[in-house]
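The structure appears right after this line, and notes come after that.
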Amino acid sequence: MSSTTTGWVRPKIEQNWLIRLLDWKPFLIFICLLPAIGLLAVFLTYPLGLGIWLAFTDTTIGRSGRWVGLENFEFMFEDPIFWNAVFFSVFYTGVATIGKFGLGLWLALLLNNHLPFKSLLRAIILLPWIVPTVLTAVAFWWIYNPQFSVISWMLIELGLRDTNVDFINTAWPARWSLIAANIWRGIPFVAISLLAGLQTISPSLYEAALLDGSTAWQRFRYITFPMLLPILAIVMTFSIIFTFTDFQLVYAITRGGPVNSTHLLATLAFQRGIPAGQLGEGAAIAVSMIPFLVFATLFSYFALARRKWQQGESND
Amino acid sequence: MATVEIRDVRKAFGSTQILHGVSVDIEDGQFVVLVGPSGCGKSTLLRMLAGLENITGGEISIGDRVVNKVPPKDRDIAMVFQNYALYPHMTVYQNMAFSRKLAGAPKEVMDQEVQKAARILGLEQLLHRFPRQLSGGQRQRVAMGRAIVRNPQVFLFDEPLSNLDAKLRVQMRSEIKDLHQRLKVTTVYVTHDQIEAMTMADKIVVMNHGRIEQAGAPLDLYDRPANLFVAGFIGSPAMNMLAGRIKDGSFIDGGGTRWPLPPAHAGRDGAEVVYGIRPEHLRLDPNGIQARIQVVEPTGSETQVTLRIGEISLMGAFRERIVANHGDVLAVSPDLPLVHIFDKASGQRI
Ligand SMILES: Nc1ncnc2c1ncn2[C@@H]1O[C@H](COP(=O)(O)OP(=O)(O)OP(=O)(O)O)[C@@H](O)[C@H]1O
Ligand SMILES: [Mg+2]
């Protein structure tokens with residue numbers, strides 16, 4: 001036995017420099033990552049870098065700018081319209097997220113029960129999400145139209161009102177109207193994602209809880225909610241990011257008006273940068289969104305960090 | 001602790017009838033095992049007892065109270081599921097304490113009860129682990145601990161050992177049995193493993209296709225199976241069954257071999273019957289029936305031999321150590337008082 005193993009000699013392979021290079025781990029890692037790094041650099045890092053650089057120049061459309069340091073930001077911080085946009089971005093994101101998750105979770109719980117026409121209902125619920133955002137926006141623009149609003153028409157026909165409803169002509173009604181449109185559009189994503197999460201919870205857990213003497217509320221509180229939390233955190237992070245950076249709905253329905261009261265940071269940045277031509281200023285506003293987005297990502301990082309009960313190893 | 005009475009219970013899912021009138025009486029403190037092949041409706045019956053399925057017909061009572069309309073949490077039962085159904089996001093302690101917590105028990109009382117159950121099951125060191133950090137046998141014990149903390153009138157088990165390996169299964173089998181002897185709580189236990197049923201039960205209920213084939217003490221079922229199904233189901237290796245007819249006071253099998261008949265049956269000349277003899281009730285007998293050896297399987301304590309008599313194949317289990325080759329001749333004869341005779345048409349014992 002031992003004589004046969006020690007008698008075996010590894011055949012000598014001719015090793016030229018290429019083989020040795022490809023056998024060298026750091027080089028191999030570099031080669032394998034190259035395509036991904038290339039794509040990221042061209043489509044993510046370059047635009048981001050350009051945007052940040054523009055924010056420190058006085059570039060306008062048609063004239064390449066000079067480095068002006070923090071001037072754009074100084075101007076921005078003294079601009080009440082900017083602060084108004086910050087306020088509305090946070091308010092819009094906060095209220096819309098609460099609305100979307102409240103209604104979305106409720107819908108998901110309903111759909112997780114045995115209902116007649118369940119698959120049809122699910123398909124219907126997905127509709128608002130399948131429709132392109134701009135179409136949604138145009139539809140809402142008509143719904144909120146001061147003269148032709150279908151809601152106003154119905155209320156008047158029913159005799160509940162004498163005049164048309166003011167949806168988007170004054171600041172607060174306009175804000176609430178936009179939030180309502182965003183919630184309507186965002187519910188399907190939340191509901192379907194949470195429904196997928198609900199369906200991974202084993203029915204026998206509910207049966208066990210039933211035998212343990214739980215009420216319906218206790219089953220939600222102690223079984224459904226904690227087990228849904230990981231997926232809830234992911235979906236919420238995405239939803240917050242998408243809502244905070246929303247552009248299409250607001251731009252198509254109110255263009256930031258009346259009197260700049262419904263500008264989000266994204267619409268304001270566009271407004272300043274493209275129609276008004278102040279690329280540097282627009283870029284500075286866009287860059288100011290980064291801290292908020294970093295915060296949302298950190299939130300996801302910590303909230304999503306695998307919980308102890310999901311880990312396989314014992315680490316107590 | 002309580003008696004359980006199941007009276008003519010029926011169950012249908014839509015138009016499919018699953019249980020066709022099942023009646024079982026369970027005494028206070030008894031350990032009853034429901035056993036039967038896959039799909040015969042054991043789990044369904046157990047879940048009806050627990051209140052997880054509604055009852056299509058008949059009546060179930062627990063401790064003199066009809067529970068057909070009583071919700072699960074008010075039935076005072078605890079169930080151990082096949083997949084354990086431990087709450088993955090709770091520690092062992094929280095899993096066991098959950099029912100007490102829902103009931104609003106004071107912290108100290110809850111603590112005491114969980115500690116007591118943990119002591120019984122040897123889980124004291126594991127109370128702060130999550131289910132994922134436990135082995136299969138430990139999870140099994142936590143599931144039982146959760147049931148014990150409930151301190152119920154009736155324990156229900158649905159194939160609790162089927163996810164464990166063979167060795168652990170034997171160990172847990174005796175642990176459950178031991179637990180029952182200590183706590184003396186009425187227990188209904190579902191399995192499709194007849195050895196589990198034989199070793200654990202005070203009373204076995206053999207089910208098939210939604211009907212009860214026979215119910216009784218394990219050894220009664222072994223000694224006097226009521227029909228061919230029970231005869232084939234109980235006992236391992238399974239009973240040999242030879243089809244044939246009675247002629248001139250003996251049994252003639254399909255190949256024309258003549259077998260001795262218990263005197264009580266000698267009078268039924270011409271009857272078509274099935275002749276049942278358990279492998280362990282065949283004896284080596286130089287004057288017996290000549291059989292050819294197919295396979296010899298020594299297990300150490302006994303020797304199992306597959307035999308061939310004409311076209312008929314049968315199994316023998318002998319205390320003796322047999323050294324023989326394929327094709328050798330072995331003479332065997334049945335232990336006459338232990339022969340079972342069944343009517344061929346109905347399958348019932350006669
Ligand atoms: N929810 C249901 N809807 C329709 N049929 C069902 C349902 N649950 C069970 N059945 C049917 O009822 C029959 C009995 O099922 P049950 O789960 O009680 O079998 P079992 O004896 O426990 O089998 P096993 O040993 O495989 O667990 C099966 O034929 C099954 O297909
Ligand atoms: Mg089953």
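Naming: A, B, ... by sequence-line order, numbering from 1 per chain.
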Above 12 or not: heavy atoms from other molecules or residues under 6.0 Å from [atom1] of [X]?
X         : atom1 : value
Phe220(A) : CZ    : yes
Asp23(A)  : CG    : yes
Phe225(A) : CZ    : no
Gln199(A) : CD    : yes
Phe189(A) : CZ    : yes
Phe43(A)  : CZ    : no
Phe295(A) : CZ    : no
Phe30(A)  : CZ    : no

- Item | Heavy-atom side-chain proximity of Arg47(B) to Glu207(A) below 4.5 angstrom | yes
- How about Leu211(A) and Arg150(B): do any of their side-chain heavy atoms sit closer than 4.5 Å? yes
I need the minimum non-hydrogen distance between [X] and [Y], along with the two atoms involved.
X         : Y         : answer
Arg146(B) : Ala208(A) : NH2-CB, 3.7 Å
Tyr87(B)  : Leu205(A) : CE2-O, 3.7 Å
Ser214(A) : Lys73(B)  : O-CD, 4.1 Å

- Identify which one of Asn83(B), Asp158(B), Leu52(B) satisfies the side chain to side chain contact (heavy atoms under 4.5 Å, CB included) criterion when paired with Ser204(A). Asn83(B)
- chain B: which of Ser202(A), Pro203(A), Ala209(A) shares the most heavy-atom pairs with it under 4.5 Å? Ala209(A)
- Going from CD1 on Ile223(A) to NE2 on His89(B), what distance comes out if it is rounded to the nearest 0.5 angstrom? 5.0 Å
- Query: Between Leu102(B), Leu86(B), Leu134(B), which shows the greatest number of heavy-atom pairs under 4.5 Å with chain A?
  - Reply: Leu102(B)
- Message: Between Tyr222(A) and chain B, with a heavy-atom cut-off of 4.5 Å, which part of the residue counts as in contact: side chain, backbone, both or neither?
- Response: both
- Below 4.5 Å from any heavy atom of chain A, which atoms of Ala103(B) appear? Answer side chain, backbone, both or neither. neither
